[in-house]
Number of protein chains: 4
Amino acid sequence: MAAPDPLPSPQRRGRPRSAAADRAILAATRAALVEVGWSRLTMGEVAHRAGVAKTTLYRRWAAKSELVLDAVAVLFDELELPDRGCLRADVEGVVLSFAALLRRPETKTALMAVLAESTTDQALRARIREAIVDRQKRLVLDGRSRAQQRGELPPDPPDAAETARVVDLIFDVIAGAVVHRSLVSDCPVDEAWARQFATLLLEGLSTVSSAPGGDASEGDTQPEEHPRG
Amino acid sequence: MAAPDPLPSPQRRGRPRSAAADRAILAATRAALVEVGWSRLTMGEVAHRAGVAKTTLYRRWAAKSELVLDAVAVLFDELELPDRGCLRADVEGVVLSFAALLRRPETKTALMAVLAESTTDQALRARIREAIVDRQKRLVLDGRSRAQQRGELPPDPPDAAETARVVDLIFDVIAGAVVHRSLVSDCPVDEAWARQFATLLLEGLSTVSSAPGGDASEGDTQPEEHPRG
Amino acid sequence: MAAPDPLPSPQRRGRPRSAAADRAILAATRAALVEVGWSRLTMGEVAHRAGVAKTTLYRRWAAKSELVLDAVAVLFDELELPDRGCLRADVEGVVLSFAALLRRPETKTALMAVLAESTTDQALRARIREAIVDRQKRLVLDGRSRAQQRGELPPDPPDAAETARVVDLIFDVIAGAVVHRSLVSDCPVDEAWARQFATLLLEGLSTVSSAPGGDASEGDTQPEEHPRG
Amino acid sequence: MAAPDPLPSPQRRGRPRSAAADRAILAATRAALVEVGWSRLTMGEVAHRAGVAKTTLYRRWAAKSELVLDAVAVLFDELELPDRGCLRADVEGVVLSFAALLRRPETKTALMAVLAESTTDQALRARIREAIVDRQKRLVLDGRSRAQQRGELPPDPPDAAETARVVDLIFDVIAGAVVHRSLVSDCPVDEAWARQFATLLLEGLSTVSSAPGGDASEGDTQPEEHPRG
DNA sequence: TGGTAAACGAGACGGTACGTCCGGTCTTCAG
DNA sequence: CTGAAGACCGGACGTACCGTCTCGTTTACCA
């Protein structure tokens, strides 16, 4: 996420770009997002807040959506998943911290706007995957391998593609539920909801993990082994 | 969905508003959305396509987002949940038909854009709930009561609020997962994914339904009784 | 100037037009002209002030310029030329009273605006002549015949067309000078200026009257016979 | 007439304004005036004809009237008063060339419209004086001093203010008469009229010049010395 | 240490769309 | 049929931003 956009070209002729300007611009973008939202956010206003000329913005980012994506992507990287001792606690933890991130006005407004823009912009879609989606799957991977080490989940199946499918599914279910609850249903994601959601998720999780493709099998699920903290 | 926006005031003075204009505007909005997407959609273009003056648009809708919301909300009402014989099949069915709806360009671009706008507009948020969210919960309610009649799910608990919480949760999980998979992860929602998702959901569903709040109880869940169609 | 515009059609079918509406509209037009001037005067505003629907305006006048012309033409008819005893005094009198009329905001604003409009509208030009120009020539004719009776000016030449030419010339010189001083040079038309103008006009008047066509002749001019007073 | 409107601020920061745009805009304004007249002249049309954005117009001129004033003022500067040998010929010459200027559609429509606008706009009034009125008084001054050198008119009186009053009076009488004849009476200003007007003016001119304030004096006027050419 | 090439601020540029206003027409209901 | 009310289409308004383009001015490198 360091370099903003284009080819800083290996040859180092002329005055180098100002790193301070980069930082000021991204900070100004976040600040402006909080105050006016996406649709009233203008490049001119960002430039003014950052104490920078519009030229300087356009030299780095080709469009508003790319600038905003870079400005908020770093916030997603702040998400952490500390080991809370058991899978259920980890799930509730990630739900709550993701929800906290989505409560920040710059995050929620930017995320949905950039996604809206991406529905008609293939390049932006790729950039979102790279900057946000793929990077956050680490949380699912971490939690999952931790649970496997604890014996809460069976080890990876031999088919790596199957593993990827399950990870993707879990990621979409968790992230999707939190986003939908927060931004569409417009209801709070609090501890009670997180608990209820974790229950829903877990009671089926071992099954789906051990029987991917959905052949609905063995009753070795033992939810009573993972009481929530 | 009948009246677009304002108070046409009960007393009938002056020329009445043209219902034909209403219809033409909403149709033109959908058509334009398909062709140019949200961000390049202009009120002037909609008016032109509808054969209507811009004034006529602004008399009815105060902002682009409200117009677009009304234009696409009716598409969500077209969602049906026919009885497919068992809960698993119903879940897969609703997932696939919702995904099909989200594949339509006007739906996906409009939905995300309106949601983005709503993050800084309380009134719009309420309007979205009323026009889309609350109306689609009927699908969850229908499917659930059908499953209860079949004996696939336990009857409603005495606490009505608890029922509402569970319905909301299921709704957010299903809709959120489909939206996230489709628009964020940018992956196809096909039959395989629907099957996998249904498995994940169902293996825990009876549990969470019978033990809301997540006290993780009796193991009478018998998923093998509901093989997918 | 009584009937406003269109065919009051002798056949008297249905509800007759309201004469009160006519009066209210013209008065409202004058009042609005004073307050907002020509370019910001709108038909809607006039209708509102007059307590009348726009339809009622358009049923009577086809355009803003015609309405305004009718509204102010009546003011010009109020000009009087009382006998002040000698030609010089009559000239000064008409100059001052015409200037007073042009000081009224509705008059000056309307006159120039209607003239501007008339430069690209032949029909309006004719209407102005009929409603204002030709009607005010009576002042020149009155003053001239009075001066002839007093012996201050020679009697009409046998050629009637020549008389008309001279009357037109005098009219244009007097009216033009007052309008130009008032509205173009933007200087006050006071008694001193009127005196000076009358001197300029009179010292040549008998000559030009007796020797039309400008053959610049006999020195029998006797300005000392007509002291101002 | 050089700089159009605002303060381009002495320090030269940013891209300088395009002088070519200035010229194109004024030319486009004159062309559009000829074709559509004042009331149908739109800023957008001028901008389009000039190949310029509307912004560029508004950056220089605050209102249509100011733009049009600047566009036509230069036409007035083209008026010349060549020495025709005697005062009478000079008067007829200036009358005819001023009338020719007023026959141009852009001039007549613009002049009256701007004057109409100026009746409710003090700043515009000042601007008109500066751009047109005061600049054209040079014609009167030139003709007058030439006549004085020829001995057709007495030298300036010791009181400079008195001289100014007389010059203003003559200017208003000449310009006013021509404008009134052309645009109000809507009659042609031809050589015959010019001759008649010059006779009217001259027979009194030496008197009013030598006896300002109008004390009607010495009979040394010798019009027969200045036969028209 | 002086040249040079790029980045910088400022702001004008050609555009597009905005949301409003007004002109003139029409369609309703009430008299 | 008139009149008030007000919706209708069309089109100009003046503004706000867009993304680009000069300008004149730094600023770092490299010769």
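In this text, all values refer to a predicted model and were calculated from it rather than measured experimentally. These values consider heavy atoms only, across backbone and side chains, with no hydrogens, waters or symmetry-generated copies. All chains are named by letter (A, B, ...) in the order of the sequence lines, taking the proteins before the strands, and each is independently numbered beginning at 1.
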Quiz prompt | Nearest-nucleotide 5' precedence on DNA chain F, D/Met43 against C/Gly51 | solution = C/Gly51
Quiz item: Any side-chain N or O of A/Arg59 less than 4.0 Å from the OP1 or OP2 oxygen of E/dC8?
Solution: yes
Quiz item: Rounded to the nearest Å, what distance is computed from the NE2 atom of residue B/His48 to the P atom of nucleotide F/dG11?
Solution: 11 Å
Practice problem: Please state how far atom OH in D/Tyr58 lies from atom P in F/dT15, giving the value in whole angstrom units. | Solution: 7 Å
Quiz item: F/dC21 base to D/Arg15 side chain: any donor-acceptor pair below 3.5 Å?
Solution: yes
Quiz prompt | Separation of atom CZ in A/Arg17 from atom C1' in E/dG9, rounded to whole Å | solution = 16 Å
Quiz prompt | Which residue lies more 5' along DNA chain E, comparing B/Pro16 with B/Gly44 via nearest heavy atoms | solution = B/Gly44
Quiz prompt | Most 5' of A/Glu45 and D/Leu41 on DNA chain F, judged by nearest nucleotide | solution = D/Leu41
Exercise. Could you pick out which residue, D/Val52 or C/Thr42, lies toward the 5' side of DNA chain E when each is mapped onto its nearest nucleotide?
Key: D/Val52
Exercise. Find the distance C/Lys64:NZ to E/dC22:C1' and express it as a whole number of Å.
Key: 9 Å
Self-check item: Check: A/Thr29 side chain, A/Ile25 main-chain N or O, donor-acceptor pair, under 3.5 Å
Solution: yes
Quiz prompt | Under-3.5 Å donor-acceptor pair between C/Thr55 side chain and F/dA5 base | solution = yes
Quiz item: Think B/Arg13 has a side-chain N or O under 4.0 angstrom from the OP1 or OP2 of E/dC29?
Solution: no
Exercise. Round to a whole Å and report the spacing from CG of C/Leu57 to P of F/dA4.
Key: 10 Å
Practice problem: Would you check if the side chain of B/Thr119 reaches a backbone N or O of B/Ala116 as a donor-acceptor pair within less than 3.5 Å? | Solution: yes
Quiz item: CH2 of A/Trp61 versus P of E/dA7: gap in Å, rounded?
Solution: 14 Å
Quiz item: What is the distance from CD1 of A/Ile25 to P of E/dA7, rounded to the nearest Å?
Solution: 13 Å
Quiz item: With a cut-off of under 6.0 Å to the ring centre and 45° to the axis, is D/Lys64 in cation-pi contact with D/Trp38?
Solution: yes
Exercise. State whether B/Thr56 places a side-chain N or O below 4.0 Å from either non-bridging phosphate oxygen (OP1 or OP2) of F/dC9.
Key: yes
Quiz prompt | Any A/Arg60 side-chain nitrogen or oxygen under 4.0 Å from OP1 or OP2 of F/dG19 | solution = no
Exercise. Examine distances only and state if a side-chain atom of D/Ser118 and a backbone atom of D/Asp121 form a donor-acceptor pair shorter than 3.5 Å.
Key: no
Exercise. Name the nucleic acid region contacted by B/Ser18, choosing base, sugar-phosphate or nothing; use a 4.0 angstrom heavy-atom cut-off, strictly under.
Key: sugar-phosphate
Quiz item: Checking only heavy atoms, does the side chain of A/Lys54 share a donor-acceptor pair with the base of F/dG19 at less than 3.5 Å?
Solution: yes
Quiz item: Within the distance-only criterion (no hydrogens, no angle test), does the side chain of D/Arg49 pair as donor or acceptor with the backbone N or O of D/Ala28 below 3.5 angstrom?
Solution: no
Quiz prompt | Euclidean distance, atom CZ of residue D/Arg49 to atom P of E/dG14 [Å, nearest integer] | solution = 17 Å
